[in-house]
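First up is the structure itself, then whatever we jot down about it.
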Amino acid sequence: MTFFYLLTFALFVVYIGNTAAGISRRSLTEWLLVCFILFAGSVILTGYCLSALYLTATTPVWAFAVFLTATVLRLVFGRLVNQPRWSVGSLLRERRETFGDWYRSLSIYFKVLFTTLLATLGVIAITNLLLVLLTPPNEWDSMTGHLNRVMQYIQRGSMRHFGGTNWNIDTYPKSVCTIQIYSFLITGRFENAFKLIHHLSYWMAIIAVFGISQRIARNLSASFFAALCYALLPDFLMQAVTTETDIVLTAYLGSFLYFLFAYRKSGTETNRDARYLYLAGIAFGIAYGHKVTFTLLLPSLFVLMIYTVFWAPSTSVFFQRLKHVVPAFIVGVCLWMLPTGYLKNIEVFGHPIGPPTALKHQSVERAGPLRNLLEQGSRNVIRYGYDHINLDGLRNTQWGLDANVIMRKPLVKLEEVTKMRLDEETDFSIFPFVFSRRFEFYNANPYWGIIGFGLILPLVALSLLGLLRSKAHFFLAVAFVLHFLALSYSAPYDPFKGRYFIETGLLGSLFLPILFTNRWLNIVNPGRVILKTYVGFVIIVGCLSALFTVFLNERCLPLPAYGRPSAFSAERMYLQMMFRPDSYVPYKRFDTLVPEKATVALGTINDDFEYPLYGKNLSRRLIVINPFEKGVQPIPKEADYLFFSKNVIKPQPGDVRLGTDTTMTHLIVPGEDYYLRKLK
């Protein structure tokens, strides 16, 4: 049956591509982004419907139902867009010839520059694809929340609220779960299919940067440069092989922005192409339905909508545009945002985000009075600014770390002189700020590396000051700053925040075309040896940083390093418990003692990894009996075993102590004292 399901998946992709060819203009970039939004939108809507019918885990229904939702979107856009479907094959052939002509026209300097970028991306692309397909997921949030809840939804046949051990299980929006469940089931329960939407999002975000740059700069070299540089930013690369959620949000954001800029460049001032507003409305709803942190982007997006949509030559034209904007966004919100869980959170927790405990821990409520928020949030702005000025990727090596320490000495001295107390004030911090972050923090969650502080940040600053005389980039600079401030003031300082800045990085990468279009900074012009040398140096170091980011990623090593084996040959449980090393022994013993198809009751705590307990074939049934802040529930009769922490359930004679290592130090979160009880 797996072959049949894969065949339906291939047919669905072809159907989406054919549908997109009747919606998008004859543009390869636009066609790919429309395909992406149609695919995600169709699967998400299908998932909501199947959950309501308790058919979430029914593969044959999934295989057929996605065509129905895609057909509805096809019919709706058929009424909005009046154009014949064009041939994708002929367009691909044309674009291949265009790329060849462009590359042959480059000077020696640019051939070296782009060959370096393309070769680096090629090596990374192959490596990352292998890591996605051949290594199990193991990031922290997925082990406690993201993938744990996906398995619960599959076992329950529905995505209804059930009360998980970790608060994220019930409070996070569920739209990405629908895509992961579809991918998992349609591939014959292939576990690594959970990563496919995230890896696809990596490429879609790159394509979006290319497309937006083309709409702004109308320069092929500038657009390729921006897209390739963004593809090599360390924080963006790290999520391409994981099931973390921010990279998917970034792809939705990129699609949304592309549709806005495409709208501004379409038609005339008084008669623009409304199809882009409806596509933007869908992308907006999908993005907001994906993750609540999209809220932090709203001020930035409003500024960009002023530039792309609301800036009209007359009041009548403005209201003419509103006639399309309002219904487009209402439909997007009603179909793709509201059903994803926000309303249920209000019903259960009294807040669209989640319970008060979670809010106090991770949001603005932790800052207390407004005066303290302004003071500590301002410190966070500087803290994150300091975090960005690092040789991320390179400092995974000892020589790179040494160079990084030397480079940052003036920054450390500046903080000492100005007495900003960045590391002393801790009341608005999840983990206190330090100038030399722990290895596991900057290894797993880096920022932008040298391309960020060497090229992007200076160009943003020049644009914000109005020195480059580009209206588009001035609005983008304001949007960039607003998102940076939102991340700084909305939540406590967190050294893991690098993953949130991939969205800011997408905005920042759109400034790189300035190096090809501005008359003062144009590196295409003859001469300008110093500027060209500087850009070349940054790109070479940036490429090395990208390679070291991927090949020295402790969480997913392509090759043995740091005394650890390659992720391709490492034991599954070893990889999944990498950030909980003291708990490896009890989890390994559990996996040995409990049959693969057993039903296990879980008396675990909020921070415990639960996903590894499903087993290598994801065949164990796990039943939560200590839901978040609800206390221990009765052990269900169908349970064969009880896996529990001593702090949750009191052990009794006959229970097997699984042997947590209590001697380890410097742990992010210490493991519990785990026990196993045979019930039948």
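Everything numeric in this text was worked out from a predicted model, so none of it was measured.
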Pair E191-R572, salt bridge (charged side-chain N to carboxylate O under 4.0 Å, His left out): steps then yes or no: CA-CA 12 Å; E191 179 188 27; R572 173 190 173 81; 2.7 Å; yes
Inter- and intrachain pairs under salt bridge (charged side-chain N to carboxylate O under 4.0 Å, His left out), touching residues 331-348, at least two apart: K344-E347
Close side-chain approach of I181 and W62, heavy atoms under 4.5 Å: yes
Listed partners of T46 passing side chain to side chain donor-acceptor pair (under 3.5 Å), at least two apart: T69
Set of side chain to side chain donor-acceptor pair (under 3.5 Å) partners for E554, sequence neighbours left out: R564
Aromatic centroids of F609 and Y587 separated by under 6.0 Å: no
Closest contact, heavy atoms only, G289 versus P173: O-CB, 3.0 Å
Residue among T135, L575, T242 satisfying side chain to side chain contact (heavy atoms under 4.5 Å, CB included) with C556: T135
F441: partners by ring pair (Phe, Tyr, Trp, His ring centres under 6.0 Å), with sequence neighbours left out: F431, F496
is_close_aromatic(F501, Y384), centroid dist under 6.0 Å: yes
Considering all heavy atoms, the nearest T604-N626 contact: O-ND2, 2.9 Å
Closest heavy-atom pair and its distance - P446, D235: O-CB, 3.0 Å
Shortest non-hydrogen separation from S158 to Y54 and the atoms involved: CB-CD2, 3.6 Å
P627: side-chain contact (heavy atoms from CB on, under 4.5 Å) partners, not counting sequence neighbours: V624, K630, Q633
Pair F294 and F284, ring centroids less than 6.0 Å apart: yes
Full working for side-chain contact (heavy atoms from CB on, under 4.5 Å) between D655 and F644: CA-CA 10 Å; D655 292 344; F644 64 98; 3.4 Å; yes
4.5 Å side-chain heavy-atom contact, M238 and I502: no
V333 and L338, any side-chain heavy atoms less than 4.5 Å apart: yes
Side-chain donor or acceptor of R555 paired with backbone N/O of E440 under 3.5 Å: no
Close side-chain approach of Y5 to L185, heavy-atom, < 4.5 Å: no
D591 with R620: basic N within carboxylate O range, under 4.0 Å: yes
N166: partners by side-chain contact (heavy atoms from CB on, under 4.5 Å), with sequence neighbours left out: T144, N168, I169, N606
Whether H199 and Y202 hold their rings parallel, tilted or perpendicular, with breakpoints at 30° and 60°: parallel
Pairwise side-chain hydrogen bond (donor to acceptor under 3.5 Å, both in side chains) hits with a residue in residues 145-155, at least two apart: N148-E610, N148-Y614, Q152-R156, Q152-Y614
Value rounded to 0.5 Å, distance of CD1 in I286 from CG in L249: 11.5 Å
Listed partners of R437 passing side chain to side chain donor-acceptor pair (under 3.5 Å), at least two apart: none
Qualifying residues under side-chain contact (heavy atoms from CB on, under 4.5 Å), relative to A601, sequence neighbours excluded: I625, I635, P636, A639, L642
R657, CZ atom: more than 12 neighbouring heavy atoms under 6.0 Å: no
Pairwise side-chain contact, I649 with R677, heavy-atom cut-off 4.5 Å (strictly under): yes
Pairs flagged by side-chain hydrogen bond (donor to acceptor under 3.5 Å, both in side chains) wherever residues 180-189 is involved - sequence neighbours left out: none
Y447 ring center within less than 6.0 Å of Y442 ring center: no
R580 side chain near M143 side chain, heavy-atom distance below 4.5 Å: no
Aromatic ring pairing F194/Y611, orientation class (parallel under 30°, perpendicular over 60°, tilted between): perpendicular
CZ (F439) with more than 12 external heavy atoms under 6.0 Å: yes
Check: Y48/T340 side-chain N/O donor and acceptor closer than 3.5 Å: yes
Under 3.5 Å side-chain donor-acceptor pair for D387 and Y493: yes
Y674 and D608 side chains, donor-acceptor separation under 3.5 Å: yes
Within residues 287-298 or reaching into it, pairs that qualify as side-chain hydrogen bond (donor to acceptor under 3.5 Å, both in side chains) - sequence neighbours excluded: T245-K291, D246-K291, Y288-T295
Residues that F39 engages under ring pair (Phe, Tyr, Trp, His ring centres under 6.0 Å), provided they are two or more places apart: F12
Minimum side-chain heavy-atom gap V381-Y489 below 4.5 Å: yes
Validation row: N553, L131 side chains within 4.5 angstrom (heavy atoms): no
Test log, rule side-chain contact (heavy atoms from CB on, under 4.5 Å), inputs V669 and W140: CA-CA 11 Å; V669 176; W140 188 296; 3.8 Å; yes
